[in-house]
There are 2 protein chains.
Amino acid sequence: MRLFWEHGYEGTSLAMLTSAMGITPTSLYAAFGSKDALFREAVAAYNAPENSPTDRAMLRPTAREAVEEMLRANADAYVDPGTPPGCMVVLSGINLSEGHEDVGRHLAELRGQDRAKVRARIVRGAEDGDLPAGADADVLADYALTVLHGLSVQARDGADPERVQAVIDAAMAGWDAMVRTFGDAARTGGAGRTP
Amino acid sequence: MRLFWEHGYEGTSLAMLTSAMGITPTSLYAAFGSKDALFREAVAAYNAPENSPTDRAMLRPTAREAVEEMLRANADAYVDPGTPPGCMVVLSGINLSEGHEDVGRHLAELRGQDRAKVRARIVRGAEDGDLPAGADADVLADYALTVLHGLSVQARDGADPERVQAVIDAAMAGWDAMVRTFGDAARTGGAGRTP
DNA sequence: TTTTTTATGTAGTGATCACTACATAATTGC
DNA sequence: GCAATTATGTAGTGATCACTACATAAAAAA
């Protein structure tokens with residue numbers, strides 16, 4: 001998992017995997033079937049619900065708290081010096097040669113699931129009344145995920161943890177401002193686009 | 001350039017390059033010296049100042065306009081269906097096997113240069129008075145670049161151009177809110193952290 | 001124990017990797 | 001025209017890729 005996380009699917013060779021695991025190719029193939037299948041199991045372990053900061057964050061009482069904790073908890077993990085920087089789901093399938101597009105699609109689907117979770121939490125916030133009824137869940141979810149994905153690149157560039165938290169301060173200020181425009185739009189009937 | 005842009009440094013083989021260029025390996029090596037050197041030339045062409053939306057954006061009269069145009073112009077390029085999605089400098093060196101770390105460092109340095117340009121433009125905005133004197137150029141630059149880098153991943157996931165612009169609306173609302181806290185901090189002596 | 005099943009290591013599969021020696025073709029200088 | 005130089009294609013370099021046939025070793029079943 002750590003090798004795939006750090007070097008990506010194609011940047012990790014079977015030789016690297018077998019030497020890191022202390023086993024031979026035969027054992028690896030008996031246990032996992034193929035490099036593809038092993039990668040998928042590694043991603044599944046990385047993305048397991050019981051370890052997922054995102055899943056945990058969605059339990060927060062308001063949509064805003066949920067999104068903020070999602071950003072902060074994931075960012076903490078991204079810059080944790082004990083693990084490779086950034087998010088495995090975001091980074092490990094960025095560069096693929098022809099013939100491995102399915103790996104990229106699999107990861108894109110997982111990112112889509114995260115987006116769906118955030119979007120659903122936003123919709124619930126609007127229903128619960130902690131967000132304006134007119135809040136655009138698609139835009140807010142895209143915004144939150146754009147910041148989240150950007151933090152993976154920042155982490156790869158060795159971002160300072162404190163500054164990452166300051167970036168999230170700014171991002172949440174943007175969240176609040178955007179939510180306010182939705183509230184205003186609901187009251188005035190406007191389109192909600194910031195001038 | 002397009003192959004490296006789309007598949008990354010290691011995801012692009014010499015066979016792909018020679019067949020796309022319609023030349024033989026001999027000619028490629030006579031002209032460029034090595035795959036590394038060709039990649040660097042491709043990145044240089046991609047990142048040329050005369051084509052750079054970022055450089056052009058920095059000429060805007062205020063720091064806010066400069067940052068907003070940087071985001072919008074780059075985002076337009078990221079989702080342009082005529083070119084690979086996302087930013088070559090951000091994406092093409094994400095997954096590297098052992099022994100090619102210098103490629104990653106080279107791209108990270110280019111990202112650092114972009115950050116420095118944005119930071120310098122913010123500092124100038126504070127000097128010019130279109131930003132509060134206490135504005136934290138590091139935080140604002142990191143925030144802008146985090147959103148920018150996140151947009152590359154969104155583009156890879158096939159983000160809708162209109163929704164990308166809406167995300168930038170939210171991001172700029174965040175910029176304004178963050179700038180406001182710096183102004184408030186300057187007036188009240190507070191630390192400037194959004195609660 | 002003896003047999004059967006399961007797990008593992010050795011050694012090598014063809015394919016592809018980046019790269020190049022060598023020969024031929026095109027171009028240039030005289 | 002003729003020699004020197006430059007450019008290009010052919011064919012192959014050793015290394016490494018993901019993967020596996022085969023044989024041996026360990027464990028389980030009889």
Side-chain angles (χ1 to χ4, degrees), chain A residues 1-47 84 88-89 91-110, chain B residues 1-47 84 88-89 91-110:
Chain A
M1 183 182 89
R2 294 178 54 116
L3 284 171
F4 281 131
W5 189 351
E6 185 169 349
H7 300 284
Y9 175 73
E10 294 203 315
T12 307
S13 70
L14 276 169
M16 292 161 72
L17 292 165
T18 52
S19 113
M21 298 165 93
I23 61 173
T24 58
T26 314
S27 301
L28 190 151
Y29 275 83
F32 301 101
S34 70
K35 186 189 178 185
D36 248 78
L38 171 57
F39 176 74
R40 281 175 150 80
E41 285 204 39
V43 170
Y46 174 88
N47 213 35
M88 183 182 188
V89 173
L91 300 174
S92 68
I94 290 285
N95 302 131
L96 297 167
S97 58
E98 294 154 338
H100 288 137
E101 295 84 359
D102 49 336
V103 171
R105 275 194 297 270
H106 177 61
L107 293 173
E109 194 188 313
L110 295 179
Chain B
M1 183 181 87
R2 292 178 55 117
L3 284 171
F4 281 131
W5 189 351
E6 185 169 350
H7 300 285
Y9 175 73
E10 295 202 316
T12 307
S13 70
L14 276 169
M16 292 162 72
L17 292 165
T18 52
S19 110
M21 299 165 92
I23 60 173
T24 59
T26 314
S27 301
L28 191 151
Y29 275 83
F32 300 102
S34 70
K35 186 189 179 184
D36 249 77
L38 171 58
F39 177 74
R40 281 175 149 80
E41 286 203 39
V43 170
Y46 175 87
N47 214 36
M88 183 182 188
V89 172
L91 300 174
S92 68
I94 290 285
N95 302 131
L96 297 166
S97 57
E98 293 154 339
H100 288 136
E101 295 85 359
D102 49 336
V103 171
R105 274 194 298 271
H106 176 60
L107 292 173
E109 194 189 313
L110 294 180

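Keep in mind that what you see is a predicted model, and the values were worked out from it rather than measured. Throughout, a chain's letter reflects where its sequence line sits, starting with A, and its residues are numbered from 1.
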5′-ward residue of the pair A:P25/A:A15 relative to DNA chain D: A:A15
What is the distance from atom CG of B:L91 to atom CZ of B:F4, rounded to the nearest 0.5 Å? 15.0 Å
A:K35 NZ/CZ over A:Y9 ring centroid, <6.0 Å and within 45° of normal: yes
Base, sugar-phosphate, or nothing for A:S13, non-hydrogen atoms under 4.0 angstrom? sugar-phosphate
Which two nucleotides bound the region of DNA chain D that has atoms under 4.0 Å from heavy atoms of chain A, read 5' to 3'? D:dC17 to D:dA21
Under a 3.5 Å distance rule, please check whether A:E109 uses its side chain to pair with a backbone N or O of A:L107 as donor and acceptor. no
Specify the closest pair of heavy atoms between B:P84 and B:R2, including all atoms of both residues, with the distance to one decimal. CG-O, 3.7 Å
Given B:L96 and B:E10, is the side chain to side chain contact (heavy atoms under 4.5 Å, CB included) satisfied, shown in steps? CA-CA 7 Å; B:L96 297 166; B:E10 295 202 316; 4.0 Å; yes
Indicate, with a heavy-atom threshold strictly under 4.0 Å, whether A:T24 touches base, sugar-phosphate, or nothing. base
Once you apply a heavy-atom cut-off of 4.0 Å, does B:T12 come out as touching a base, just sugar-phosphate, or nothing? sugar-phosphate
In Å, rounded to the nearest 0.5 Å, how long is the span from CG of A:L110 to CE of A:M88? 10.0 Å
